[in-house]
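Working notes, structure below.
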Number of protein chains: 2
Amino acid sequence: MKRNSRLSLALHTLGHMVLDPDRVRTSADIAAHAGTNPVVVRRVLGRLREAGLLTSEKGASGGWRLACNPNNITLADVYLALDECIFVTGKDEHAPACAVEHALHRRISRVMTEVEQNLVKRLSETTISDIR
Amino acid sequence: MKRNSRLSLALHTLGHMVLDPDRVRTSADIAAHAGTNPVVVRRVLGRLREAGLLTSEKGASGGWRLACNPNNITLADVYLALDECIFVTGKDEHAPACAVEHALHRRISRVMTEVEQNLVKRLSETTISDIR
DNA sequence: GATTAATGCAACAGCATTTGTTACAATTTG
DNA sequence: CAAATTGTAACAAATGCTGTTGCATTAATC
C-alpha cells in the first residue's frame, strides 16, 4: 500500500458494513478482505470509533459495527475523523523573517484553506450509503 | 525542512528574483538564503528551467535568471512545473475485484480531480509579481 | 473458574520518499 | 590554465507509514 490507504481502508470497510449492517466484523475478517493486518485495521477504525462512527466490542464474539444510520455518515465525516492532512499544515513554521517568505505563506495558506474547504464540501455530498 | 518544501523553495526564490530581476543568482547564494544545499536548489530550479520559467548558465559568472516576464508566471505554473501530486494519484491501482472498492474509487477519483482542478485554478489567479 | 476469542496498545522492524551531502565531470570566464 | 559554476550520480540521514509481534484486558462459553 501507500499513502492515504487509511481513507481507502476506512471507506471500504464502511461500504461493506452498509450492505450487511447486522453482521459484526472482527479486525481479522476485515484485514483479510482488505489485504492488510488486523492491527492496522484497529488503528484506522479506532479513529472512526473516537469520532462516533463505529463501535467496537471486546471479548469473544466481539468486533466492529456501525454506530449510527449510514445515511448520516458522509465521506467528509470519515475524512475528518481520520485527521488526514492532505495539504501542507505549516506546523513547522519558524516565523519567517524574510518578507517574501511571509507574503508567500499568507497567499498559499489562503488558497490551501479554501481548497481544503472545497474538498470537505464535496465529500459531504456523498454518504457511505451512496457507495454502490 | 519537510514535505512540500520544493514548492516553497521555488516560490521563495522566484519572489526574490521578481524584486531584482537583473541580478544573476548562484545556487550557493540561493541555498544560503533558503537554508538548504546548492544541489537541492539545482534539483528544484532545474524543474522550473525545464518548464521554461528560468534559465541557468554554467561556468564562472553563471547562475539563475528569470526566463520570462514575471507577470506571465502564475503560482499554478510553478506548481505544475514541479509535478507535485498533492492528491492521491492512484497509480498503484490493482483493478479492484471488490465491487465496493470499485464504486468507492470512482467516487473518490471524481472528487479529487475536481478539487485538484480547483486548486490549480486558484493558483493561476496569482502571479509571482503579486507576492509582496 | 478456565478457556477461548476478541480488542487495545506499545514497541519495533521494513520500506518508500524526501532532503542533505559528497564527489566529480562539463562548461564558461578571465 | 585557473577559478567558478551548473549537472548529475551516488549515497547518507531523516521522516512517515505500514506491517508485525507481544502482551494486557475484556467478554462469552463451556
Side-chain angles (χ1 to χ4, degrees), chain A residues 1-10 12-13 17 23-51 53-67 79 82-92 94, chain B residues 1-10 12-13 17 23-51 53-67 79 82-92 94:
Chain A
M1 282 190 179
K2 71 174 215 182
R3 197 156 164 239
N4 222 356
S5 61
R6 291 198 297 265
L7 185 59
S8 296
L9 175 58
H12 186 182
T13 304
M17 285 177 163
R23 177 171 161 207
V24 176
R25 281 154 228 263
T26 67
S27 304
D29 291 342
I30 296 167
H33 181 76
T36 183
N37 191 289
V39 178
V40 175
V41 171
R42 279 175 215 135
R43 249 182 238 156
V44 173
L45 300 193
R47 304 274 195 120
L48 303 189
R49 183 189 52 228
E50 288 167 17
L53 307 180
L54 289 180
T55 59
S56 64
E57 285 147 30
K58 287 183 174 182
S61 80
W64 299 87
R65 245 186 252 269
L66 286 173
Y79 171 77
L82 291 181
D83 217 27
E84 309 262 309
C85 260
I86 286 199
F87 301 99
V88 190
T89 53
K91 286 279 177 59
D92 62 341
H94 47 289
Chain B
M1 282 191 181
K2 70 172 214 182
R3 200 152 167 239
N4 221 358
S5 62
R6 291 199 298 265
L7 185 60
S8 297
L9 175 58
H12 186 183
T13 303
M17 285 177 163
R23 179 173 160 203
V24 176
R25 282 154 227 264
T26 67
S27 305
D29 291 343
I30 295 166
H33 181 77
T36 183
N37 191 290
V39 177
V40 174
V41 170
R42 281 175 216 137
R43 248 183 238 157
V44 173
L45 299 193
R47 304 274 195 118
L48 304 189
R49 184 189 52 228
E50 288 166 19
L53 307 181
L54 289 179
T55 60
S56 64
E57 285 147 30
K58 285 184 175 182
S61 80
W64 300 87
R65 244 188 253 268
L66 287 172
Y79 171 77
L82 292 181
D83 215 27
E84 309 261 309
C85 260
I86 287 199
F87 300 98
V88 190
T89 53
K91 287 275 177 57
D92 62 343
H94 48 289

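Source: prediction; values computed, not measured. Below, chain A is the first sequence line, B the second, and so on; all start at residue 1.
Within 4.0 Å (heavy atoms only), B:Gly63 reaches sugar-phosphate atoms of the nucleic acid but no base atom.
Comparing C:dT21, C:dT7, D:dG19 against the side chain of B:Asn37 picks out C:dT21 as the nearest. Ranking D:dT26, D:dT6, C:dT19 by closeness to the B:Arg6 side chain, first place goes to C:dT19. Distances from the side chain of B:Val39 to the nucleotides C:dG20, D:dA9, C:dA5 place D:dA9 closest. Closest to the side chain of B:Ala60, from the set D:dA3, C:dG20, C:dT18, is D:dA3.
Counting distance only, with no hydrogens placed and no angle test, the side-chain atoms of B:Arg49 and the base atoms of D:dG7 include no donor-acceptor pair under 3.5 Å. Between the base of C:dT21 and the side chain of B:Arg43 there is a donor-acceptor pair shorter than 3.5 Å.
Under 4.0 angstrom from either OP1 or OP2 of D:dG7 there lies no side-chain N or O belonging to B:Arg42. OP1 and OP2 of D:dT5 both lie 4.0 Å or more from every side-chain N or O belonging to B:Ser27. Between B:Ser56 and the phosphate of D:dG7, there is a side-chain N or O to OP1/OP2 separation shorter than 4.0 Å. Between B:Ser5 and C:dT19 there is a side-chain polar atom (N or O) within less than 4.0 angstrom of OP1 or OP2.
Atom CG of B:Leu82 is separated from atom P of C:dT17 by 18 Å (rounded to the nearest Å). In this entry the distance linking CG of A:Leu45 with C1' of C:dA6 reads 14 Å, nearest Å. Summarising the geometry, the separation between CZ on A:Arg47 and C1' on D:dT18 is reported as 14 Å, rounded to the nearest angstrom. The CG-P distance, from B:Leu9 to C:dT18, rounds to 15 Å in whole Å. To the nearest angstrom, P of C:dG30 lies 18 Å from NZ of B:Lys58. Taking atom CD of A:Glu57 as the reference point, atom C1' of C:dT4 lies 17 Å away to the nearest angstrom. Between the CD1 atom of A:Ile30 and the C1' atom of D:dG19 there is a distance of 17 Å, given to the nearest Å. Counting to the nearest Å, the C1' atom of D:dT6 and the CH2 atom of B:Trp64 are 7 Å from each other.
The distance from the CZ atom of B:Arg65 to the CZ atom of B:Arg23 is 12.0 Å, given to the nearest 0.5 Å. A:Glu57 CD to A:Thr26 OG1: the interatomic distance, rounded to the nearest 0.5 Å, is 12.5 Å.
Residue A:Glu50 is the one, among B:Gly59 and A:Glu50, whose nearest nucleotide of DNA chain C lies closer to the 5' end (criterion: closest heavy atom).
Closest approach of A:Leu82 and A:Arg47 over heavy atoms only: O-NH1, 3.0 Å.
No side-chain heavy atom of A:Arg6 sits under 4.5 Å from any side-chain heavy atom of A:Arg43.
For the side chain to side chain contact (heavy atoms under 4.5 Å, CB included) criterion with B:Thr13, the lone passing option out of B:Leu48, B:Leu54, B:Leu45 is B:Leu45.
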